[in-house]
Structures are given as structure tokens and as C-alpha cells.
Amino acid sequence: MIPAWLSDSTLEKIITKGELVVLTRNSPTTYYEGPDGPAGLEYDLAKMLADELGVKLKMIAAQNLSQVLAGVENGAADFAAAGLTITEDRKEFFRFGPPYQAITEQLIYNINNPRPGSIDDLNGTFEVVAYSSHNERLVKLKKQHPSLNWKENDELENEDLLQLVADDVLDYTMVDSNEFMLNQRFMLDLRAAFDIGEPQQLGWLFPKSKDNSLYDKVAAFFDKIRTSGDLTRLIERTYGHTKDFDYVGTLIFRRHVAQRLPRYRPFFEAAAKKYNLDWRLLAAMGYQESHWDPKAVSPTGVRGIMMLTLRTAAEMGIENRLKPESSIMGGAEYFSNSLQRIPDDIEEPDRTWMALAAYNIGYGHLEDARIITEQLDKDPRRWFDVKQSLPLLAKRKWYKNTRHGYARGWEPLQYVENIRSYYDILRWLEDSQQEKIREPDAFSILPQVP
Ligand code: GLU
């Protein structure tokens with residue numbers, strides 16, 4: 001007789017074990033340490049699935065793409081969620097879950113060099129990540145473009161290759177549009193020269209197996225989150241603030257980080273410590289308010305690095321708003337109060353974005369926008385939903401029925417999205433000075449894909 005445990009389906013085994021094991025890559029589009037713990041689209045999706053199954057989630061960050069593929073093949077994980085493109089070659093060895101995000105493959109070059117117009121213009125060093133969808137694509141393209149030459153790099157990941165192009169060490173690389181979008185603001189000399197081929201889809205990667213229990217469950221899960229709008233919300237959480245990328249603004253920001261921030265950083269750090277906040281978030285706020293100019297004055301009478309009104313400064317016990325340390329301390333206290341007023345059922349990071357919106361437009365208006373969000377049958381606990389209601393506060397049809405009335409509701413939107421961008425860059429600058437966070441030993445037992 002077959003013992004009961006042997007007849008269990010893959011899904012039953014996961015539930016019995018109480019753990020879903022997912023293989024991923026450490027990158028901004030997939031999985032990384034966020035300010036409030038693990039983050040990234042793949043993490044968010046996998047966590048949602050694990051919660052639905054009622055099991056714990058274990059994410060394993062592979063060191064490269066070949067380890068992701070090998071790990072799925074060897075059964076080191078239940079599946080891989082790693083921004084993987086659904087390709088014909090991979091389908092021969094694996095199977096893919098439902099497509100969840102469309103991307104294009106892009107040829108990346110450095111603006112200090114001539115822009116290539118097409119594949120036939122490529123004239124220089126060109127590298128792509130080994131075992132990537134890009135390599136697969138180039139192998140196919142080579143048939144029509146015999147002079148196309150590139151190298152498969154089996155040591156570096158796509159972010160490293162982008163850096164090499166930014167440093168002008170390499171002429172071209174090829175990455176997915178979503179990866180490029182998030183990396184571009186850190187590497188200001190990079191541009192996409194052209195898209196290569198038709199849009200592609202990303203999907204989770206499963207081993208080939210006769211057992212469909214987990215695979216079917218995942219298909220149903222994606223159906224559900226697509227219908228509920230959760231999938232769109234999660235994608236927006238990762239990419240939402242990058243759509244209106246501003247090159248000039250970012251260039252100036254980077255210059256100010258080098259020239260102005262060092263003087264004020266100790267004040268941001270001290271204030272963050274006192275109010276249990278992230279100093280980089282306070283610094284991002286300060287930049288949005290005054291570009292770190294302690295003498296900044298606005299026509300409405302707000303002043304100083306954190307642009308406090310006279311009334312707020314008085315409430316926070318600040319005598320001189322133009323003194324950087326006082327302004328920063330006052331701003332931090334005011335923001336901390338704003339954060340504490342946000343209802344408990346709103347989770348991070350939405351909590352922080354809403355507190356920032358409240359800091360900018362006033363708590364009462366934020367509450368009005370949350371009530372409108374509810375009237376529109378959307379979720380007042382999600383920033384993604386509330387930010388769509390905020391601009392309605394400027395329309396009479398809506399504001400005439402609110403408690404606090406008219407507000408320039410589009411302003412907090414821009415305010416919050418700018419701060420998110422500055423904050424991301426500050427975190428990236430700091431992280432890139434430290435070692436990359438990876439899980440070094442998770443894969444030492446796995447053989448490389450030959
Ligand atoms: N989507 C790529 C792949 O499946 C990985 C991400 C990238 O290299 O841009 O190989």
C-alpha cells in the first residue's frame with residue numbers, strides 16, 4: 001500500500017509543511033529589503049499567495065539567473081518568482097504560471113556615445129546576463145543579422161551590466177523595460193535606444209510535473225487578483241512613482257546630495273532618532289520642501305528647510321524657523337504627529353504616504369479624500385486608491401459635500417511621489433556604498449546549470 005504521505009499532492013505537502021518556498025533574485029523589481037521589511041513585486045505576490053494558503057513564506061534569493069533555473073529544476077523551491085520572461089526555450093524544460101506583467105526588452109546605451117538606431121547599427125562591446133531571456137532572443141536574431149555579436153556574462157547580473165554601461169566600460173546591454181525604469185534614475189547617462197521585438201510577458205516558473213495541484217492553485221490565485229484589482233495595485237506600488245521621471249530634477253538632486261546634504265545630515269539623523277523615523281525620509285521631505293536651503297521662503301510665508309508655517313513652528317516650540325536644526329526637529333515632530341494620527345488599520349508603506357499627504361494638505365482633507373474613496377467603492381486604507389480621490393477635493397461636485405471643503409488636492413500627489421523618488425535615491429546611494437545584501441550560502445549546494 002502507498003503510505004499516505006507519498007500520495008499527497010504538491011499543494012497538500014506545502015500545507016502540511018506549513019511553508020511555501022520561493023526562489024527569487026535580489027533586485028528592485030523582485031525582492032529586496034524595504035524600510036519596513038521584505039518588499040518587491042515578487043515578494044508581495046508570493047506573500048499574498050502564502051497568506052491565502054495559510055502557510056509561511058520562505059523567499060530564497062539566488063545569486064544569479066542560472067541558479068534560479070537550476071533551483072527550480074532540482075526542487076530546491078516550489079517555484080521561482082524572479083521577473084522571468086516566458087520564453088519558448090524555457091518552456092521545453094519548465095512550465096510557466098499565468099502571465100502577470102508585460103515588459104519589452106530594451107537595448108541600453110550611454111548618451112555620451114552615439115545612439116544606435118537598430119540591431120544592425122551596434123558597433124561596440126555588448127553583454128547580456130547568461131541564461132537570460134535576452135540571450136535567447138539574440139541567438140534567434142543572429143539568424144537574420146549574422147554580424148550581430150555579443151557576450152554572455154555569467155558573473156554579473158543586469159544591474160551590474162547597466163552600471164558598466166553607465167561607467168562607459170561596456171557599450172551596450174539589454175534588459176527588461178521594468179528593470180530599466182527603476183534603475184535609470186540612479187544611472188542618469190543611460191537611455192533605451194530601442195525596443196527589441198514584441199512585448200513579452202513575465203511569469204512564475206514551475207518544474208514540469210504531472211501533479212497540477214499547486215500549479216492550478218496559482219492559476220486561480222492570479223485570476224482572482226487580476227479581477228479584484230490587487231495585481232494592478234501591487235504593480236503600481238513598485239512602479240507608480242517612476243512614471244514621471246524627471247532627468248533635470250534628478251541631476252540637480254544628485255548634485256545637492258553631494259554639496260548640501262552633508263551639512264544637514266547630522267540634524268536629520270538626530271531628529272529621526274528622536275522620533276523613531278528614517279532619516280532618509282526626513283531628508284527627502286526637506287529636499288522637497290526647500291531643496292535643503294535653510295533660507296527658503298515661500299510667498300505664503302512658510303520658511304526654512306522644512307518650510308514650517310509660523311503657526312506650526314509655534315506649536316512645535318520652534319523660535320527660529322531659519323535655523324536648520326530647529327526647522328528639521330520641528331518638521332520631524334510635526335510629521336511624527338501626522339503619522340500617529342493615521343488610523344491603525346492602514347499598513348506601511350501606505351501609512352507613510354498618507355501621513356506625508358496629510359502633512360502637505362492637512363489631516364482633515366486627507367480624511368475627506370478617504371471618505372470619497374469609500375463612496376467610490378474603493379479602499380480608503382490604500383494610498384493607491386486614496387491618491388485618485390485627492391484631486392476630487394478641488395472639484396465642487398465633490399468638495400461641497402465634504403467636511404473640510406475645497407483643497408488643492410493634486411498637490412499632495414506630486415508631493416508624495418517626489419518624496420518617494422528622493423527617498424529611493426537616498427536609500428540606493430547609501431546601500432550602494434555598503435555590500436549588496438544577498439544570501440551567500442543559500443545556494444552553495446546547488447550545482448550550476450551546465
Ligand atoms: N526577464 C529576464 C529573464 O527572464 C530577467 C530580467 C532582466 O535581465 O532584465 O531572463
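Atoms within each ligand, like the ligands themselves, are counted from 1 in listed order. Heavy-atom basis, side chains included; hydrogens, waters and symmetry copies ignored.
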Check your understanding: Around ligand 1, what residues show up once you keep those with a heavy atom under 4.0 Å from it?
Key -> Arg25, Leu65, Gly83, Leu84, Thr85, Arg90, Ser132, Ser133, His134, Asn158, Val175, Asp176, Glu179
Check your understanding: Could Asp385 and Arg233 be called an ion pair, given the rule that one side-chain N must be under 4.0 Å from one carboxylate O?
Key -> yes
Point to revise | Residues in side chain to side chain contact (heavy atoms under 4.5 Å, CB included) contact with Asp189, at least two apart in sequence or another chain | key: Asn110, Ile111, Asn112
Check your understanding: Is it true that the NZ or CZ of Arg95 lies under 6.0 Å from the centre of Tyr215's six-membered ring and within 45 degrees of the ring axis?
Key -> yes
Check your understanding: So Asn158 and Arg25, side-chain contact (heavy atoms from CB on, under 4.5 Å) or not? Walk me through it.
Key -> CA-CA 11 Å; Asn158 54 40; Arg25 292 181 293 133; 3.6 Å; yes
**Study point:** Glu348, Met354, Glu347 screened by side-chain contact (heavy atoms from CB on, under 4.5 Å) with Arg351, the one that passes
**Key:** Glu348
Exercise for review: List the atom of Ile86, the atom of Gln200, and the distance in Å for their closest heavy-atom pair.
Suggested key: O-OE1, 4.1 Å
